[in-house]
Enquirer: 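Please find one structure pasted underneath; my questions will follow.
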Amino acid sequence: MSYYMGVDIGTSSVKSMLISGDGNVAGTEQVGYNIIKERLSWAEQDMEELWQAARQTIAALVKRFPGEAAQISCISYSGQMHGLVMVDDRGKLIRNAIIWADQRSGDEISEIYKVIGKDNYRNVILNSLSTGFLASSLMWVKEHEPENYEKTRYVMFPKDYIRYRMCGEIGTEMSDASSGAIFDTKKRQWAWDLIEKLGLKKEIFPESHESCDIAGRVSGECEEQTGLKAGTLIAYGGGDTLMMGVGNGIIVPGILASNIGTACQISGAFDHPVYDPKFRTNTFCHVKKDLWLLMGAHLSGGVALKWLMNQMLEMKSYDDMTALAGTVPAGSEGLVFLPYLSGERTPYNDPEAKGIYFGMTLKHTKAHMIRSTMEGIVFGLRSSLEIFKGLGISYQKIIASGGGARSRLFLQMQADILNGPIFTNENNEQACVGAAITAAVAAGEYRSCEEACSRLVKLSETTVEPDRENQKYYEEQFAIYRELYGHNQDLFHKNVRG
């Protein structure tokens with residue numbers, strides 16, 4: 001029997017999964033790492049550290065399951081999106097990766113819009129430009145680190161570098177390339193005219209492929225470092241939101257994902273490049289040439305709970321936090337949390353936005369703070385869902401993913417606040433499964449992603465239904481939530497040092 005490996009290069013950890021062609025998961029491994037923040041607005045990662053974490057997870061799986069590992073037909077990837085990785089003409093890293101959470105490039109965004117024209121730019125890219133995107137980060141390097149820019153032979157995304165270390169071939173694929181925001185999303189190619197107008201070197205942008213294309217084969221060096229068999233096929237893979245969608249079977253219109261990870265998103269697949277005319281959401285290429293993704297992206301998901309746990313409440317675990325949150329009623333007795341701890345992308349695209357606890361009184365406790373933080377995260381998702389509805393998008397099902405799918409309280413909040421039943425996947429690591437599906441299609445195990453998903457994706461038979469009493473409180477709270485940014489926007493921008 002053939003086996004496949006899905007490697008998910010996340011923001012806080014890498015996870016690798018070994019799964020059979022009929023969907024049996026042999027095992028998973030995970031190794032964590034941190035974000036490097038030399039300045040408050042910066043967010044970087046050492047790609048050598050990420051490669052070593054990936055190597056460790058792969059080697060551990062090969063050691064635990066030698067028989068299954070010997071039958072691996074193909075490997076593929078899921079990866080954190082948007083970030084900038086730069087290598088020189090020897091393929092060596094030039095500097096740390098500037099990742100999606102970085103906020104330093106606001107001036108560069110203004111310059112890009114000045115040179116190209118905001119409307120001209122967005123009509124090609126189908127997205128507003130955000131800090132932390134490859135295009136704005138690259139312009140920052142060009143302006144502030146010209147010596148590093150001149151040394152650059154290729155730019156790529158974090159998972160592309162891991163794949164390069166495994167097969168020695170440099171390239172990227174459509175989903176991540178479009179997330180870099182210097183890509184013609186309709187035509188599925190680099191936006192060469194815009195690249196030229198910005199004075200960027202065309203030759204540093206690598207070839208872009210579809211997710212299920214073959215990128216190369218496991219190298220001899222990789223075999224020595226991981227135990228994988230040299231010559232094993234390697235596919236391109238895709239961005240983590242796309243791979244999570246594939247892992248949930250979301251490759252046709254009508255199904256949405258509600259993902260709560262480090263950040264969080266509402267997303268769906270469409271057979272044409274749907275986009276918001278106000279550019280509050282993101283539109284990216286999906287895993288095949290006739291599919292696109294529409295996504296509402298929110299920068300503070302689980303990271304807000306991690307901040308609350310470690311820096312404010314000094315608690316020991318998320319389980320302890322959610323257990324305490326469950327002791328207070330829906331709506332947190334009037335306490336509303338605006339979760340803009342890292343700025344926000346949807347619906348305001350404002351890196352200077354800040355977090356707020358609104359309505360706090362002497363009766364509120366840390367239990368209320370925890371619950372309102374969780375509710376604020378889901379209110380963010382609701383704001384994206386409202387945009388989707390305003391675009392006339394209909395859906396029959398919402399599937400919860402990430403950490404938000406593992407907490408009963410989070411699932412109930414999503415059902416109540418998003419106003420509908422919430423489905424879950426039997427497998428908790430949907431991004432790894434999605435990557436493995438692209439590997440299986442690339443290797444010819446399945447003729448299409450649709451066929452592979454029908455065999456490998458298994459949703460739970462139970463759903464979480466909305467509580468109508470809770471919904472009444474949440475509608476009142478959401479109305480307040482939607483007002484908080486507008487009433488405080490000017491203050492956010494005066495308080496830029498946070």
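Along the sequence shown, residues are numbered consecutively beginning with 1.
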Enquirer: With distance as the sole test, does N127 use its side chain to make a donor-acceptor pair with the main-chain N or O of I125 at under 3.5 Å?
Expert: yes
Enquirer: Side chains of S401 and N259 only: does a donor on one sit below 3.5 Å from an acceptor on the other?
Expert: no
Enquirer: Do F358 and H487 have ring centres separated by under 6.0 Å?
Expert: no
Enquirer: Tell me, do V457 and I437 make a side-chain contact under 4.5 Å, heavy atoms counted?
Expert: yes
Enquirer: Quick one: list whatever passes ring-ring contact (aromatic ring centres under 6.0 Å, His included) with W140, sequence neighbours left out.
Expert: W42, H144
Enquirer: Decide yes or no for D102 and T131: does some side-chain heavy atom of the first lie under 4.5 Å from some side-chain heavy atom of the second?
Expert: no
Enquirer: Flag the pair E375 and R371 as a salt bridge only when some basic side-chain nitrogen lies within less than 4.0 angstrom of an acidic carboxylate oxygen.
Expert: yes
Enquirer: Test E445 against Y4 for side-chain contact (heavy atoms from CB on, under 4.5 Å), laying out the working first.
Expert: CA-CA 10 Å; E445 175 95 12; Y4 300 92; 2.7 Å; yes
Enquirer: Is there a donor-acceptor contact under 3.5 Å linking the side chains of H286 and S175?
Expert: no
Enquirer: Do T185 and C285 have side-chain heavy atoms sitting under 4.5 Å apart?
Expert: yes
Enquirer: Scan side-chain atoms only and decide if Y485 and D350 contain a donor-acceptor pair under the 3.5 Å cut-off.
Expert: yes
Enquirer: If we count only N and O atoms by modelled type, under 3.5 Å, do the side chains of N419 and Q471 hold a donor and an acceptor together?
Expert: yes
Enquirer: Kindly determine whether F183 and S178 satisfy side-chain contact (heavy atoms from CB on, under 4.5 Å), including the steps that lead there.
Expert: CA-CA 5 Å; F183 197 80; S178 56; 3.7 Å; yes
Enquirer: Angle between ring planes, F270 versus H272, binned at 30° and 60°: parallel, tilted or perpendicular?
Expert: perpendicular
Enquirer: Check whether Q430 reaches the backbone of N427 with its side chain - one donor and one acceptor, N or O, closer than 3.5 Å.
Expert: yes
Enquirer: Would a 4.5 Å heavy-atom cut-off, applied to side chains only, mark I399 and S258 as touching?
Expert: no
Enquirer: With distance as the sole criterion, is a donor-acceptor pair present between the side chains of Y121 and S128 under 3.5 Å?
Expert: no
Enquirer: Does the E344 side chain pair with the main chain of L299, one donor and one acceptor, at a distance under 3.5 Å?
Expert: yes
Enquirer: Does the side-chain contact (heavy atoms from CB on, under 4.5 Å) test come out yes or no for W292 and R188, once each step is laid out?
Expert: CA-CA 10 Å; W292 285 263; R188 302 176 83 93; 3.6 Å; yes
Enquirer: If we ignore hydrogens and angles and just use 3.5 Å, is the side chain of D320 paired with the main-chain N or O of K316 as donor and acceptor?
Expert: no
Enquirer: Mark yes or no for whether K288, through its side chain, and L291, through its backbone, hold a donor-acceptor pair below 3.5 Å.
Expert: no
Enquirer: Distance alone, cut at 3.5 Å: any donor-acceptor contact between the side chains of D319 and S317?
Expert: no
Enquirer: For a quick check under 3.5 Å, do H368 and E333 share a side-chain donor-acceptor pair by atom type?
Expert: yes
Enquirer: Would you check if there is a donor-acceptor pair between the side chains of S130 and N349 at a distance under 3.5 Å?
Expert: yes
Enquirer: Between the main-chain N or O of T11 and the side-chain N or O of Q45, is there a donor-acceptor pair closer than 3.5 Å?
Expert: yes
Enquirer: Does a side chain donor of either E29 or S16 reach within less than 3.5 Å of an acceptor in the other side chain?
Expert: no
